[in-house]
Undergrad: 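One structure, pasted below without further comment.
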Amino acid sequence: LCLCARNAESDVWAALTREDLPLCREHVSAHRIAPSLRKSAAVDSLARELGFAPESMLLIDDNPSEVAEVRASLPQLCAWVMPQADAAFMAQLQHVWQLDLVGRASATHVDAARADALAAEAPRAALRAQSGTV
């Protein structure tokens, strides 16, 4: 799971500590958070950092103008404008095929290892960026 947010970073992480939410910070492999964030640049940066092709990613955002901006820059990226009304959300969720887990095999130890590797890469990349060349 990657996170792009146009908010204060402290607010985002505080929201992910709420006991009533199933998501937490540990679920986030990589993130871009800043009030002036351009989402298309953030998604492209995340794709490059993690070694993913943009077409293998799914952007979920509740702001149609944010989704339009990303689609204009990354037309190969799948995107879903998530409705804010619960009924509309539940009705559409059944038709977002990228999230369709019915019939898929359960996560395996290989999937867990991939998630661990992605989580471990961010600190290594930061260290490489801070280190000079020999």
Side-chain angles (χ1 to χ4, degrees):
L1 178 67
C2 296
L3 182 65
C4 294
R6 291 180 53 154
N7 302 89
E9 191 165 349
S10 59
D11 293 343
V12 172
W13 298 131
L16 291 179
T17 62
R18 290 179 31 192
E19 302 237 349
D20 61 326
L21 292 180
L23 288 177
C24 62
R25 188 173 185 157
E26 291 76 33
H27 294 131
V28 179
S29 295
H31 65 278
R32 301 292 183 272
I33 304 169
S36 60
L37 183 78
R38 205 172 114 242
K39 291 240 177 126
S40 60
V43 170
D44 188 50
S45 172
L46 287 166
R48 283 186 279 111
E49 176 184 325
L50 298 172
F52 294 156
E55 58 268 19
S56 70
M57 299 172 77
L58 170 65
L59 172 72
I60 301 173
D61 200 300
D62 63 349
N63 185 326
S65 63
E66 294 282 350
V67 171
E69 185 267 326
V70 174
R71 282 181 173 154
S73 293
L74 299 166
Q76 69 276 37
L77 182 84
C78 294
W80 176 41
V81 178
M82 185 181 83
Q84 293 195 14
D86 287 344
F89 170 79
M90 292 308 290
Q92 285 188 22
L93 184 61
Q94 298 173 33
H95 302 286
V96 180
W97 66 267
Q98 296 90 343
L99 297 176
D100 186 8
L101 301 178
V102 175
R104 288 191 187 172
S106 298
T108 66
H109 64 86
V110 173
D111 297 318
R114 184 181 312 114
D116 291 343
L118 289 172
E121 181 56 30
R124 284 195 297 265
L127 185 58
R128 278 193 301 271
Q130 292 174 355
S131 301
T133 58
V134 179

Undergrad: About how many Å separate CZ of R32 and CG of L46, when rounded to the nearest 0.5 Å?
TA: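 So the CG of L46 and the CZ of R32 are separated by 4.0 Å.
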Undergrad: Quick one: do E69 and R38 make a salt bridge, cutoff under 4.0 Å?
TA: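 Salt bridge present between E69 and R38.
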Undergrad: Taking all atoms of both residues into account, what is the closest heavy-atom pair of S131 and L127, and its distance?
TA: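 So the two residues come closest at OG-O, 2.7 Å.
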Undergrad: Does W13 belong to the same Ile/Leu/Val/Met/Phe/Trp/Tyr cluster as L23, with side-chain heavy atoms less than 4.5 Å apart forming each link?
TA: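 Hydrophobic grouping puts W13 with L23.
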Undergrad: How close do M82 and I60 get, heavy atom to heavy atom, and via which atoms?
TA: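 Shortest heavy-atom contact: CB-CG2, 3.9 Å.
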Undergrad: Measure the spacing between OG of S36 and CZ of R6 and express it to the nearest 0.5 Å.
TA: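 Answer rounded to 0.5 Å: 7.5 Å.
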Undergrad: For a side-chain contact (heavy atoms from CB on, under 4.5 Å) with V70, tell me which candidate from D44, D61, L59 qualifies.
TA: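 Considering D44, D61, L59, a side-chain contact (heavy atoms from CB on, under 4.5 Å) with V70 is found only for L59.
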Undergrad: Using every non-hydrogen atom in the two residues, find where A15 and L21 come nearest and quote the distance to one decimal.
TA: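 Minimum heavy-atom separation between A15 and L21: O-CD1, 3.2 Å.
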Undergrad: Would you say V43 ends up clustered with L50 if hydrophobic residues are merged whenever their side chains have heavy atoms under 4.5 Å apart, either directly or through other cluster members?
TA: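 Both belong to a single hydrophobic cluster.
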Undergrad: Look up atom CD in E19 and atom SG in C24, then write down how far apart they are to the nearest 0.5 Å.
TA: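 SG of C24 is found 11.0 Å from CD of E19.
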Undergrad: How far does SG of C2 sit from CE of M57, to the nearest 0.5 angstrom?
TA: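 The SG atom of C2 sits 5.0 Å away from the CE atom of M57.
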Undergrad: Can you name the closest pair of heavy atoms from V67 and W80 and give their distance?
TA: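 Looking at all heavy atoms of both residues, the shortest contact is CG2-O, 4.2 Å.
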Undergrad: Of all heavy-atom pairs between A79 and R71, which one has the smallest distance, and what is that distance?
TA: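 In terms of heavy atoms, the two residues are closest at O-NH2, 2.7 Å.
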Undergrad: Where is the tightest heavy-atom contact between L77 and P54, given as atom of each residue plus distance?
TA: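 Heavy atoms only, the tightest pair is CD1-O, 3.1 Å.
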